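Here's the structure, in structure tokens; my notes come after.
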There are 2 protein chains.
Amino acid sequence: MQKTVQKRTLKTRARLIEAAEDVIERNGYQALRVEDVVQAAGVAKGTFFAHFRDKDALMEMLIGERLVACFDQVEQGPAPRTAPEIADALRPIHAFMTSERYVFDLIIRYSGATAITEIGPIARCFERYVRLVAGWLETAKVRHDISPDLLAEGVQAFAIQSMSLKFCALHEAESFSDRLEIYLDAWLTPAA
Amino acid sequence: MQKTVQKRTLKTRARLIEAAEDVIERNGYQALRVEDVVQAAGVAKGTFFAHFRDKDALMEMLIGERLVACFDQVEQGPAPRTAPEIADALRPIHAFMTSERYVFDLIIRYSGATAITEIGPIARCFERYVRLVAGWLETAKVRHDISPDLLAEGVQAFAIQSMSLKFCALHEAESFSDRLEIYLDAWLTPAA
DNA sequence: TTTTGTAATTGACCACGGTCATTTTTTCCA
DNA sequence: TGGAAAAAATGACCGTGGTCAATTACAAAA
């Protein structure tokens, strides 16, 4: 029961990914067509699906990679200590998540893995989000009557709410940042 | 510039809707195929799209109707006054929203209308959710340092977070109701 | 080098949502 | 009642994601 992986495989895979990134670079995630990718990569359509379960799987990988990079960046900075500082520190992550409606929808769709075996980069980022924020909260100027973990899950919930409203015509008046700050202030530092 | 609507139109539309409801009754929302609906209704495929912009438009209508019915039911009951009571009162709405992953995803996708002109039943229900809960909160045993509207938006955010986690393998341990109650208690009655 | 089993690739094909030029039905006025 | 204009319905056709039996390339054993 061997399962040697040929060098050819890695090359083909790399070509597919590169082609996909090119297409996205030019037209955004939303506009990506599998046909375009395989043509740019110079392979047959079937080959694509031998390398990725479906189109979404490739998208999850590519978007997940970018998301991980956002987290890396955010973790470089100093730990924020107040609600507005936290909102500001998370900005790169939120900015990418709302860069395209397609991106936001896909991230939300993959935020919770439906089976343990298929936990992907995006689902892992959602866990990382909570860990990251919970870490900040431990020493931040916020309420401490409930656990940092629960508090961090709340931050996530409010961030998602704010991001959803960003794509909503009914709530254009308020900006994403303003809304998130208001939420976080009420959640993290109540009974002022 | 007349635009008479023929009786035939209404009949065809009614047949399409009835056929769709039959299909859904049997196999759920997820499994609905336009082909099946038009065949059951005895019309051509093109006719479907003369009556509904696309498949999602029909789904929004049908799911929206059910959602409105849930709200009507919830509004019949007495106003809850504590966090657990609020979670409990909202149960019929949340139950329907999480009855099928497809239903949840579609509702989320239509929760924010992208253009003022296309506000549908689901987007209206999201406004109604906030109004309903804010009304309860005015006289409930909860914090009053922030407006009932903001508080209600938070309830919505936590409910969505809880529902998302319901579909997530990583968070199966805790039940939806338990999680929501914990969130709402922390959000509505802090600094106990 | 040849053989042979398996990994990788291919492209014709399918499923399903959606379009549109054409045809059929209805309406309404002379 | 005839016939023209509007409304509705039709179904062949398209775009795009995805499948799979057949073919080709590879690498290890003979």
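Keep in mind the model is a prediction, meaning the values are calculated, not measured. Residue numbers start from 1 in every chain, and the chains themselves are labelled A, B, ... in the order their sequence lines are given, proteins ahead of strands. The figures that follow rest on heavy atoms only: side chains count, while hydrogens, waters and symmetry mates do not.
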Rounded to whole Å, the CD-C1' distance (A:Glu35 to D:dG15) equals 9 Å
Separation of D:dA7 atom C1' from B:Arg13 atom CZ, nearest Å, is 16 Å
From CZ of A:Arg15 across to P of C:dT10 the rounded distance in Å is 8 Å
Closest to the 5' end of DNA chain C, once B:Thr47 and A:Thr9 are matched to their nearest nucleotides, is A:Thr9
Could you tell me whether the side chain of A:Gln161 and the main chain of B:Gln156 form a donor-acceptor pair under 3.5 Å?
no
Considering only heavy side-chain atoms of A:Val43, the closest of C:dT10, D:dT10, D:dG17 is C:dT10
Using a cut-off of less than 4.0 Å, is there contact between a side-chain N or O of B:Thr12 and OP1 or OP2 of D:dA8? no
**Asked** Using a cut-off of less than 4.0 Å, is there contact between a side-chain N or O of A:Arg8 and OP1 or OP2 of D:dA25?
**Response** no
Of D:dT10, D:dG18, C:dG18, the nucleotide closest to the side chain of B:Lys45 is C:dG18
Residues in residues 50-63 of chain A with a heavy atom under 4.0 Å of DNA chain D, by number, are A:Asp54, A:Lys55
| field | B:Lys141 side chain to B:Thr189 backbone, donor-acceptor under 3.5 Å | value | no
When rounded to whole Å, the CZ to P distance for the pair A:Arg33 and D:dT16 reads 5 Å
note: A:Gln6, atom CD; D:dA28, atom C1'; distance rounded to Å ~ 12 Å
Whole-Å distance, A:Gln39 CD to C:dT10 P, equals 13 Å
Q.
Main chain of B:Leu137, side chain of B:His144: is a donor-acceptor contact present, judged purely on distance under 3.5 Å?
A. yes
Q.
Using side-chain heavy atoms (C-beta onward) and a distance below 4.5 Å, is B:Tyr29 in contact with B:Arg66?
A. yes
From NZ of B:Lys7 across to P of D:dA6 the rounded distance in Å is 22 Å
Subject >> Whether B:Arg15 side chain and B:Ala41 backbone form a donor-acceptor pair below 3.5 Å >> reply: yes
Can you tell me how the ring of B:Tyr129 sits relative to the ring of B:His94, calling it parallel under 30°, perpendicular over 60° and tilted otherwise? tilted
| request: Please confirm whether the backbone N or O of B:Gln30 pairs with a side-chain atom of B:Glu100, one donor and one acceptor, at under 3.5 Å? | output: yes
Of A:Gly46 and A:Leu32, the one whose closest nucleotide on DNA chain D sits nearer the 5' end is A:Leu32
Separation of D:dT16 atom P from A:Gln30 atom CD, nearest Å, is 12 Å
